[in-house]
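Since the structure comes first, as structure tokens, the remarks are kept for the end.
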Amino acid sequence: MNHRLLGSVVSVLLLAACGGSVDTPPGSGGAGGGDDGAGGDGAATSATSAGGGAPVACGARSGGICSGEEFCDFPDDSCGTFDTVGQCSARPEVCPADCPGVCGCDGQFYCNACSAQQAGVDVSEATSCLKPVGGDYAATYWAGGLDHLVVYKAEPETDACVTLYADAPAESAPEGFDVATLPDTWVVTRIEKTSGAAGCAPGASKPAGEAVRATGAAGSLSMDLSGGTSMPCTLDVDITATFPTEPATALLRATGVAVDNGCL
């Protein structure tokens, strides 16, 4: 046996017998705490550093605030209503490209739940995204072998006009368009952007400037029909359109837009 090691063991035994305390250095392989950390403090430290701590409550009632890398995940996507307490969860790093359209707890439109969570908010079907956004809305309708609906959004501040065209009956939407409509015989066939807010209304002269067509769109278009016919009286729109030129997006969001010639 190594004489130095034997001397150390004897010294420890004598000190313990006299009521002294023995300091065991980290990683020395004391009882229940070997180098692999099994059953010792090393295992507890690893669990904590790996996120094994208690979940953080969030929401108005809890008073908790999530970090910049998290979002407050509420049960049943309640958005914290009725003092519901949520739990901080990690924001997703990668999201799918599909865009059925969801409404965030902040009242903003997102392509999907993952995109909303990535932005730091939960989603809920009970939250309305149909708050009017920057512009004057109007719509017109006329019937024929192919029914037509046109929605106008005039933006005086930027002197721009965004025009949405929908047709019924129509079979399919253009590539890149994912707009839910009610009834489903209607399809949003194109969205254009021009300069000239003054001419952005039914019966007005055509807006000035060359029209730029949207390359994609996502969201929803719903309408109130008169007496169960295909004639829309009012409509709700919540659509984000993307364009190849700046500004790259345009948001059409409004409720109860009256449709010219839509009701008798």
Side-chain angles (χ1 to χ4, degrees), residues 99-101 103 109 128-245 247 249-264:
C99 198
C103 189
F109 175 87
S128 175
C129 276
L130 300 177
K131 299 176 182 177
V133 171
D136 299 323
Y137 291 84
T140 188
Y141 162 85
W142 64 95
L146 185 67
D147 294 347
H148 301 283
L149 178 70
V150 184
V151 182
Y152 303 84
K153 180 191 177 186
E155 300 178 346
E157 292 184 359
T158 59
D159 193 29
C161 175
V162 180
T163 312
L164 176 151
Y165 299 87
D167 302 305
E171 295 183 357
S172 61
E175 183 178 356
F177 277 51
D178 188 6
V179 178
T181 62
L182 181 68
D184 57 9
T185 55
W186 286 90
V187 170
V188 175
T189 53
R190 74 181 191 272
I191 301 175
E192 296 179 347
K193 178 176 59 176
T194 63
S195 59
C200 192
S205 58
K206 186 177 179 180
E210 183 179 354
V212 178
R213 285 202 177 191
T215 55
S220 64
L221 174 68
S222 59
M223 55 193 78
D224 173 32
L225 302 181
S226 174
T229 69
S230 61
M231 186 177 296
C233 298
T234 61
L235 61 84
D236 298 340
V237 59
D238 187 10
I239 295 175
T240 300
T242 53
F243 293 89
T245 57
T249 60
L251 183 60
L252 294 92
R253 181 188 298 161
T255 58
V257 178
V259 182
D260 280 5
N261 302 322
C263 294
L264 299 177

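Separating the CG atom in L182 from the CG atom in L235 is a distance of 11.5 Å, to the nearest 0.5 Å. The CG atom of L164 sits 6.5 Å away from atom CG of L221, with the distance rounded to the nearest 0.5 Å. Rounding to the nearest 0.5 Å places NE2 of H148 at 6.0 Å from CH2 of W142.
Heavy-atom minimum distance, A250 versus F243: CB-CE1, 3.6 Å. Between I191 and A217, the shortest heavy-atom contact is CD1-CB, 3.8 Å. Closest of all the heavy-atom pairs between Y141 and V259 is CB-CG1, 3.6 Å. In plain terms, the two heavy atoms of K153 and L251 that are nearest each other are NZ-O, 2.6 Å. Taking each heavy atom of G256 and D236 in turn, the nearest pair found is N-OD1, 2.8 Å. The two atoms that bring A214 and A241 nearest to each other are CB-CB, 4.2 Å, heavy atoms only.
The shortest distance between side-chain heavy atoms of I239 and V151 does not fall below 4.5 Å. With contacts defined as side-chain heavy-atom distances shorter than 4.5 Å, the pair F177/T189 does not qualify. For the pair S172 and V187, the minimum side-chain heavy-atom distance is 4.5 Å or more. A heavy-atom distance below 4.5 Å is found between the side chains of L146 and P169. P247 has its side chain within reach of K193: a pair of non-hydrogen atoms, C-beta onward, lies under 4.5 Å apart. Side-chain contact between D136 and P156 is present, with at least one heavy-atom pair separated by less than 4.5 Å. Side-chain contact between L149 and M223 is present, with at least one heavy-atom pair separated by less than 4.5 Å.
With hydrogens and angles disregarded, a donor-acceptor distance shorter than 3.5 Å links the side chain of T181 to the backbone of W186. Between the side chain of D238 and the backbone N or O of R253, no donor-acceptor pair lies under 3.5 Å. Looking at T215, its side chain never comes within 3.5 Å of a backbone N or O of P244 through a donor-acceptor pair.
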